[in-house]
Asker: 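Got a structure for you, written out below as structure tokens; questions coming shortly.
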Protein chains: 4
Amino acid sequence: MNEPTQKSKAEARCEAQRERILSAARKCSIESGFHAASMASIAETAGVSAGLIYRYFESKNAIILAIIQRKLDEIQADIRELQSLNRRSSHAAHQVVRRLAAQPVAILEPGLFLEIAALATRDQQVAEALRSADQRVRAELRAWLMQAWEKAGCGLAEAQALERVFVMQAVIEGLVIRAIKQPDSDPDLVKDSLRPLLAYLLPVD
Amino acid sequence: MNEPTQKSKAEARCEAQRERILSAARKCSIESGFHAASMASIAETAGVSAGLIYRYFESKNAIILAIIQRKLDEIQADIRELQSLNRRSSHAAHQVVRRLAAQPVAILEPGLFLEIAALATRDQQVAEALRSADQRVRAELRAWLMQAWEKAGCGLAEAQALERVFVMQAVIEGLVIRAIKQPDSDPDLVKDSLRPLLAYLLPVD
Amino acid sequence: MNEPTQKSKAEARCEAQRERILSAARKCSIESGFHAASMASIAETAGVSAGLIYRYFESKNAIILAIIQRKLDEIQADIRELQSLNRRSSHAAHQVVRRLAAQPVAILEPGLFLEIAALATRDQQVAEALRSADQRVRAELRAWLMQAWEKAGCGLAEAQALERVFVMQAVIEGLVIRAIKQPDSDPDLVKDSLRPLLAYLLPVD
Amino acid sequence: MNEPTQKSKAEARCEAQRERILSAARKCSIESGFHAASMASIAETAGVSAGLIYRYFESKNAIILAIIQRKLDEIQADIRELQSLNRRSSHAAHQVVRRLAAQPVAILEPGLFLEIAALATRDQQVAEALRSADQRVRAELRAWLMQAWEKAGCGLAEAQALERVFVMQAVIEGLVIRAIKQPDSDPDLVKDSLRPLLAYLLPVD
DNA sequence: AATGAATGAGTGTTCATTCAT
DNA sequence: CATGAATGAACACTCATTCAT
């Protein structure tokens with residue numbers, strides 16, 4: 001009777017360790033980039049020995065891929081959350097997007113985000129992961145957008161929805177880079193700049 | 001009498017060498033990323049010895065900074081060219097922007113561009129360079145935009161112009177990432193998606 | 001009353017475990033060599049945990065020494081068997097030697113055999129073990145050989161016997177290396193080659 | 001005019017360095033075995049830095065293969081020398097073989113020799129190298145033996161020669177192992193033991 | 001008695017950088 | 001000016017060994 005408990009305890013601990021390491025690796029990668037994040041620094045950050053990492057990950061590259069996959073999963077989860085918000089409130093869309101637009105840096109973790117994108121330029125495996133995740137995100141954004149306009153009494157053809165999703169993603173991703181290049185820009189400027197865009201992308205509230 | 005000539009000859013040669021090396025370093029960096037571009041591969045690509053590079057650059061980091069600076073200078077030069085185009089034709093704006101929108105990848109060299117942006121996240125020096133260059137680009141884009149609307153008989157307040165420049169830059173930069181995540185997207189989708197945006201940003205032609 | 005039984009049961013189990021581990025270590029060593037046979041692979045092969053091995057052996061080196069000692073003991077046992085065969089049949093000598101000559105590989109496990117010999121070159125402890133075992137083997141072979149010739153009605157002086165034992169051992173050991181360097185050699189070639197040698201070493205039958 | 005000289009100087013130096021490293025690696029391998037001979041110890045023995053080794057050898061494995069190949073080449077060279085000796089003196093055969101038999105250890109470097117043979121058991125590439133080298137050696141030994149008997153006025157059929165070469169090689173190789181197991185054996189014992197064998201293998205002198 | 005998570009010293013290898021030539 | 005041999009401090013990774021459970 002206590003066997004499964006014991007077993008799951010061990011499993012839980014194992015999972016927790018993996019989590020600790022992955023989290024440390026992520027932190028180091030954000031701070032120093034994938035390459036400069038040495039196994040030694042990851043181990044130190046995670047509070048484990050360097051050798052132990054290899055019980056939980058095949059190689060450093062496997063860790064990087066796991067970080068990337070996790071990041072992609074998180075983005076998808078965020079999008080899913082958007083949808084559920086949408087179901088509860090008809091005004092949610094603008095709120096959420098504004099929040100997103102206001103702090104794209106915090107949400108997308110620009111250093112990581114950009115390095116992943118740069119990596120996708122040279123690593124086929126990363127590119128595939130990025131594209132298939134983005135494909136799923138696009139599908140969900142489209143569904144969400146069509147639902148939002150539907151609710152607003154102004155249906156949207158699928159083609160139209162796809163166009164707006166395209167612009168929406170480009171703008172959000174572009175804001176990440178803007179936040180880096182123009183970090184001291186007036187929040188009002190951002191808000192005002194995006195207003196006409198939002199008016200086009202989302203139903204008025 | 002021939003001393004200055006010799007000197008300038010020597011200087012020209014020196015400059016040419018620096019150029020060769022920088023160009024090789026850039027090529028290697030685009031192909032493999034800053035880190036994986038080894039001094040040996042750069043030397044080989046430039047057709048010089050590894051040791052010689054250190055006569056022209058203090059360190060590998062100095063080369064990376066030079067690559068970044070050059071990239072930033074090129075972007076600024078591109079914008080300047082926009083302005084001169086604008087002076088010659090009132091329809092230039094749309095043409096140029098469309099061209100830009102259609103091939104942001106080729107123009108901005110995404111791997112390099114994104115790696116620079118990621119680097120700016122962690123390296124203060126890179127960040128400064130990026131920001132000051134962007135500031136100049138913004139000023140020029142604003143001037144160009146105000147001029148374009150002026151010509152179209154529809155003046156634009158500076159604040160308005162700044163907002164549109166903000167959006168314009170965000171979108172263009174966002175398109176770089178889109179090109180990576182959605183490389184097989186229909187060119188028509190891109191064009192159609194951007195049309196309403198352009199209508200807002202630029203005067204009709 | 002049941003204490004000794006339990007104790008001996010426990011001892012038997014202990015011995016069995018030691019045996020399992022040693023056997024696994026031997027298998028791994030034959031397959032991959034002493035060095036490449038990792039404790040982890042030995043543990044897996046033995047079906048025990050890595051840590052348990054250290055209850056039965058002080059260190060990996062101790063295991064290697066145990067493997068070597070066991071191999072030496074086996075060789076000695078084989079020789080002893082020769083003698084008992086000899087007692088039963090006057091023709092045994094040729095039979096046995098021929099069998100040995102025909103399949104020295106299978107009998108001596110060349111990978112292990114050669115690695116042990118190589119190790120003896122560098123490890124004093126292994127060298128001692130090898131030499132003292134060989135000394136015993138030589139003594140037994142000599143006794144066996146003298147007995148065989150005696151039976152054949154043609155007595156052999158001890159000095160003569162020692163010379164023939166020397167040649168006999170050298171040839172048998174040399175055949176191990178031949179089997180590696182010339183693995184596809186015709187069995188008839190081997191048999192024919194060795195015939196004159198056997199005629200000299202052993203009494204005709 | 002001095003260009004080729006300079007060039008060949010550089011090449012000579014390069015070759016000398018390779019030689020230094022290979023020689024150091026060989027020494028370390030003899031002392032500690034292929035595996036335990038670390039790149040660091042090889043570098044120290046060669047009097048160079050660890051990194052430099054990789055300018056001359058692809059990897060440690062490449063060094064090991066080079067050591068093996070060199071050893072095989074040396075053996076073949078020794079055999080060739082036998083032939084030339086044979087041409088000069090009809091009594092050479094016995095002399096040479098006796099010398100070989102008397103000091104097989106020094107000639108064959110048993111630690112190396114045995115480890116190579118053991119390696120051939122597990123490494124296909126090493127096995128191939130060993131076998132093809134042995135094939136060449138066999139051919140030369142056979143030619144040499146037939147020539148020796150021919151000179152002695154007692155021709156030898158090829159099949160017969162092959163048999164004797166087989167025995168000769170087995171015995172010589174066996175003596176390497178004997179030298180390890182029986183290092184303190186009386187030289188007279190060895191000589192006396194081998195006399196009948198030599199009488200069979202080589203023409204009397 | 002038995003586990004296997006954890007350690008840490010050691011491995012082969014790479015690479016920016018220097019310097020004798 | 002130019003070379004490329006040489007360095008040495010990293011790096012990712014392995015594995016015998018220990019120890020809390």
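Keep in mind it's a predicted model, so treat the numbers as computed, not measured. Every chain is numbered from 1 and lettered A, B, ... according to where its sequence line falls, protein lines coming before strand lines.
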Asker: Is it true that a side-chain atom of Glu115(B) and a backbone atom of Glu115(A) form a donor plus acceptor pair closer than 3.5 Å?
Answerer: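 Looks like no, no N/O pair under 3.5 Å.
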Asker: Counting only side-chain heavy atoms from C-beta out, which of dC11(F), dT17(F), dT7(E) sits nearest to Met39(C)?
Answerer: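 From the listed options, dT17(F) comes nearest.
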Asker: What is the distance, rounded to the nearest whole Å, between atom CD1 of Ile53(D) and atom C1' of dT7(F)?
Answerer: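 Between C1' of dT7(F) and CD1 of Ile53(D): 12 Å.
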Asker: Side chain of Tyr54(A) only, heavy atoms from C-beta on: which candidate in dT3(F), dG8(F), dC13(F) is closest?
Answerer: dC13(F)
Asker: Of Asn61(B) and Asn61(D), whose closest DNA chain E nucleotide lies nearer the 5' terminus?
Answerer: Asn61(D)
Asker: Contact between Ile53(B) and Lys60(B) at the side-chain level, heavy atoms closer than 4.5 Å - yes or no?
Answerer: no
Asker: For Glu15(B) and dC1(F), what is the distance between atoms CD and C1' respectively, to the nearest whole Å?
Answerer: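 Computing the Glu15(B):CD to dC1(F):C1' distance gives 16 Å.
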Asker: Can you tell me the distance, in whole Å, between the CD1 atom of Ile63(B) and the P atom of dC15(E)?
Answerer: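 Rounded to whole Å, this separation is 15 Å.
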Asker: What is the distance, rounded to the nearest whole Å, between atom CZ of Arg55(A) and atom P of dT3(E)?
Answerer: 14 Å
Asker: Using both distances under 3.5 Å as the test, list the Watson-Crick or G-U wobble partner of dA6(E), or none.
Answerer: dT17(F)
Asker: In whole angstrom, give the distance that lies between atom CZ of Phe34(C) and atom C1' of dC15(F).
Answerer: 18 Å
Asker: Please report the distance, rounded to the nearest Å, between CD in Glu11(D) and P in dA5(F).
Answerer: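 Between P of dA5(F) and CD of Glu11(D): 11 Å.
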Asker: Side chain of Thr45(B), backbone of Ser41(B): donor and acceptor closer than 3.5 Å?
Answerer: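 It does hold such a pair.
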Asker: Where the side chain of Tyr56(A) is concerned, which of dA5(E), dT7(E), dA5(F) is the nearest nucleotide?
Answerer: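 Output: dA5(E).
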Asker: Counting side-chain heavy atoms from CB outward, which of dC13(F), dA16(F), dT3(F) is closest to Ser59(A)?
Answerer: dC13(F)
Asker: Among dA16(E), dC13(F), dT3(F), which nucleotide has an atom closest to any side-chain atom of Ser49(B)?
Answerer: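 Closest nucleotide among those given: dT3(F).
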Asker: More 5' along DNA chain E: Ala50(C) or Gly51(B), using each one's nearest nucleotide?
Answerer: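 Of the two residues, Ala50(C) wins.
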Asker: I would like to know whether Leu72(B) and Gln69(B) meet side chain to side chain contact (heavy atoms under 4.5 Å, CB included); could you show each step before the answer?
Answerer: CA-CA 5 Å; Leu72(B) 296 177; Gln69(B) 198 54 57; 4.3 Å; yes
Asker: How long is the line joining NZ of Lys60(D) and P of dG10(E), in whole Å?
Answerer: 15 Å
Asker: How many whole angstroms separate atom NE2 of His35(A) from atom C1' of dA12(F)?
Answerer: 11 Å
Asker: For dT11(E), give its Watson-Crick or G-U wobble partner with both distances under 3.5 Å, or none.
Answerer: dA12(F)
Asker: Does OP1 or OP2 of dA1(E) have a side-chain N or O of Arg13(C) closer than 4.0 Å?
Answerer: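 Looking at the OP1 and OP2 atoms of dA1(E), neither is under 4.0 Å from any side-chain N or O of Arg13(C).
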Asker: Evaluate the side-chain proximity of Ile68(B) to Leu112(B): yes if any heavy-atom separation is below 4.5 Å, no if none is.
Answerer: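 With C-beta onward as the side chain, the pair stays apart.
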Asker: From the set dT3(E), dA16(F), dA5(E), return the single nucleotide nearest to any side-chain atom of Leu52(A).
Answerer: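 For Leu52(A), the side-chain atoms sit closest to dA5(E).
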Asker: In terms of the nearest nucleotide of DNA chain F, which residue is placed more toward the 5' end: Gln17(B) or Ser38(C)?
Answerer: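 Its nucleotide being nearer the 5' end, the pick is Gln17(B).
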